Amino acid sequence: MITKSDYLKFLTCPAYFWFHKKEPSVLVEKEISDFQKELIESGKEVEAWARKRYPSGILVESREDQAVSDTKKLLDEGKKVIFQATIEAEGLYVMVDILEWDEKNGHWIINEVKGSTSDPTKMGDDKKSKKEHEYDASFQYIVLKKAGMNVGKVNLLELNKEYVRNGEINVVQLINPTDITEKAHELEEEINGHIDQMRMLMDQESEPQPCDCVYKSRANHCPAFGYLYPNMPEYSVHDIALIGLSPKRLGGLIEGGYLSIYDVPEDFELSKNQRSHVDVTQTRITVNKSGEIKKLINKMEYPFYYLDYETYPTAVPIYDGCKPYMQIPFQYSLHIQREPDGEYEHYEFLADNGDENPMKALTESLKEHIGDGGSIIVWNKKFEKKCNENIGEVYPEYAELMNSWNERLFDLMDVFQQNLYVHKDFKGKYSIKKVLPVFDPELSYKDLNVQDGSMAMDTWRKMVFDDISEAEKEKNKKDLLEYCERDTWAMVRIYEELVKKI
Ligand code: SF4
């Protein structure tokens, strides 16, 4: 049986499909991150809302063979809208999110629900996932056609990214259908070819050859990579900073037999950032462009406000004025140093319920501490800037203030992102968690129950929306406060140690 998810693996790589079907024991699947779990949950949430567009719909709750016979029964009974309609034909198996009968035109409509937002200008990875969605829905179209069903239309149902909640969710405005029927017709021949190839692969006993992922960056490697390249060093040329953007260079290194990052020749041409990453790793000598760092940090003005937000973005907005996936800050930590060598003051805010949009109370609290002058120091200013913009968008009375704060943002990460200070232990990265141990080995995140932004999001959700005991709530609160405070204190410590080194 070939399922839709098998097909998506085939689209990633036919050899990956073969391993998945024939030798799954060699696959080392990466543990899914909290962030990916959130995305899956968002997808389910969007599907639940999309179903509300079809009040007469009936859900097929069973799975596998039982689901096929339950769907058949509903079709025989003349049901017009079926959720998770499960169809099998010629060894192919699909579940249609919303199968809808179009009475007027006398044909079926496939509605494939996606947690993504509908945006025709999508670029990069978004564009890639859009393409994947089209293949995914078109595969369903072909299977239903093989099952003898008359499918006249294929829709992708996606979130309307411009939707602004105002009172009750307006599900018609929230979810945008995009008609991809023409695309499904266009892809039919190609997908039928893929089906033939998948069948041939399933009959093949030997491993498909060749696997050329050694020439590609880590993001392209499937879970069979470790099995296929057992001698690949742990810290390999695939770990060189942004090597995925330089396929020719990566190819050159592999062809030259340089697999370990320690083997890269001194005269091998790399970008400036890549060269500095490789040199620091090989020589263990830290790059410290103290003049340039001084120039950059001299832009900082006292008082120093070290600020960090934690946010809760949801696919379907939960508060008025908000759009899908809008970052909603629910917590901040703020360390203030008013003058050189001055004492640090610490302030914090954590919304302890989810009944109201926390942005307003958070802003009111922060306003009491952030004065009219001085730098607001953050790590990765794109994020805090966007949060401030969101606050100004939802509460226009704060828009001016938010703009003024955004003009005062200083991104401490720039020192590291611009390769002004490069240490071998950064391993080509510049996240605060990679940088901190180099500047303060005593301070880390290891002792915390909340380890990253996704966990913070999940912990807050449990704290304010789930039915948990007071004791659990208190524990979540403590964990969140400790985590956010660690982020701003980490910036303080990095800055303090950095100035000693330049
Ligand atoms: S490592 Fe790459 S080429 Fe090799 S099987 Fe996996 S996806 Fe295919």
Side-chain angles (χ1 to χ4, degrees), residues 1-33 35-37 39-40 91-94 116 124-139 187 190-264 270 274 427-429:
M1 195 66 80
I2 297 170
T3 66
K4 190 181 78 171
S5 88
D6 293 335
Y7 178 51
L8 295 179
K9 287 190 173 69
F10 172 86
L11 286 179
T12 303
C13 164
Y16 177 27
F17 167 82
W18 185 89
F19 280 107
H20 171 70
K21 295 302 262 185
K22 308 287 278 189
E23 286 285 348
S25 62
V26 308
L27 300 179
V28 182
E29 301 282 353
K30 278 189 223 143
E31 208 188 310
I32 70 164
S33 66
F35 178 68
Q36 286 167 314
K37 282 184 206 156
L39 283 182
I40 294 169
L92 308 164
Y93 176 99
V94 290
S116 50
D125 280 354
D126 278 350
K127 208 167 180 180
K128 194 173 141 209
S129 69
K130 180 111 193 156
K131 192 173 161 205
E132 189 180 285
H133 296 166
E134 286 170 353
Y135 275 87
D136 173 346
S138 304
F139 181 72
L187 293 176
E190 186 186 346
I191 295 178
N192 272 319
H194 290 161
I195 292 169
D196 291 342
Q197 282 179 52
M198 285 191 282
R199 286 187 177 132
M200 270 164 15
L201 279 164
M202 284 176 62
D203 287 338
Q204 180 179 319
E205 290 310 319
S206 57
E207 284 176 19
Q209 302 284 340
C211 166
D212 62 358
C213 261
V214 72
Y215 295 102
K216 297 182 189 160
S217 67
R218 283 218 185 277
N220 294 287
H221 300 173
C222 83
F225 188 82
Y227 165 78
L228 292 163
Y229 298 97
N231 298 324
M232 188 58 67
E234 206 181 311
Y235 198 11
S236 74
V237 288
H238 301 98
D239 295 305
I240 296 175
L242 302 176
I243 198 69
L245 301 178
S246 320
K248 272 195 187 151
R249 289 179 185 138
L250 179 57
L253 287 166
I254 300 293
E255 291 292 322
Y258 310 114
L259 299 185
S260 163
I261 193 162
Y262 296 101
D263 298 340
V264 177
L270 292 169
Q274 291 164 346
K427 296 200 162 173
K429 310 270 189 327

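Just the heavy atoms: all of them, side chains too, but no hydrogens, waters or symmetry mates, feed the values below. Remember, it's 1-based here, ligands and their atoms both numbered in the order they're listed. If you're wondering where the values come from, they're calculated on a predicted model, not measured in any experiment.
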Next item on the list: Start with the C-alpha distance between F10 and H20, add both sets of side-chain angles, then the distance that settles side chain to side chain contact (heavy atoms under 4.5 Å, CB included), and finish with yes or no.
Entry: CA-CA 9 Å; F10 172 86; H20 171 70; over 6 Å; no
Note to self: Please evaluate residues K9 and C222 with respect to the criterion side chain to side chain contact (heavy atoms under 4.5 Å, CB included), reporting the C-alpha separation (whole Å), side-chain torsions for both, the decisive distance (0.1 Å), and the verdict.
What the structure shows: CA-CA 9 Å; K9 287 190 173 69; C222 83; over 6 Å; no
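Considering every non-hydrogen atom in both L250 and I243, the closest pair reads CB-CG1, 3.9 Å.
Listed by chain and number, C222 SG are the protein N/O/S atoms closer than 2.8 Å to atom 6 (Fe) of ligand 1, with waters left out.
When ring centroids are compared, F225 and H238 come within the 6.0 Å threshold.
Under the 3.5 Å distance criterion, the side-chain polar atoms of K216 are left unmatched by any main-chain donor or acceptor of G244.
Using a cutoff of 4.0 Å between basic side-chain nitrogens and carboxylate oxygens, D6 and K21 are scored as salt-bridged.
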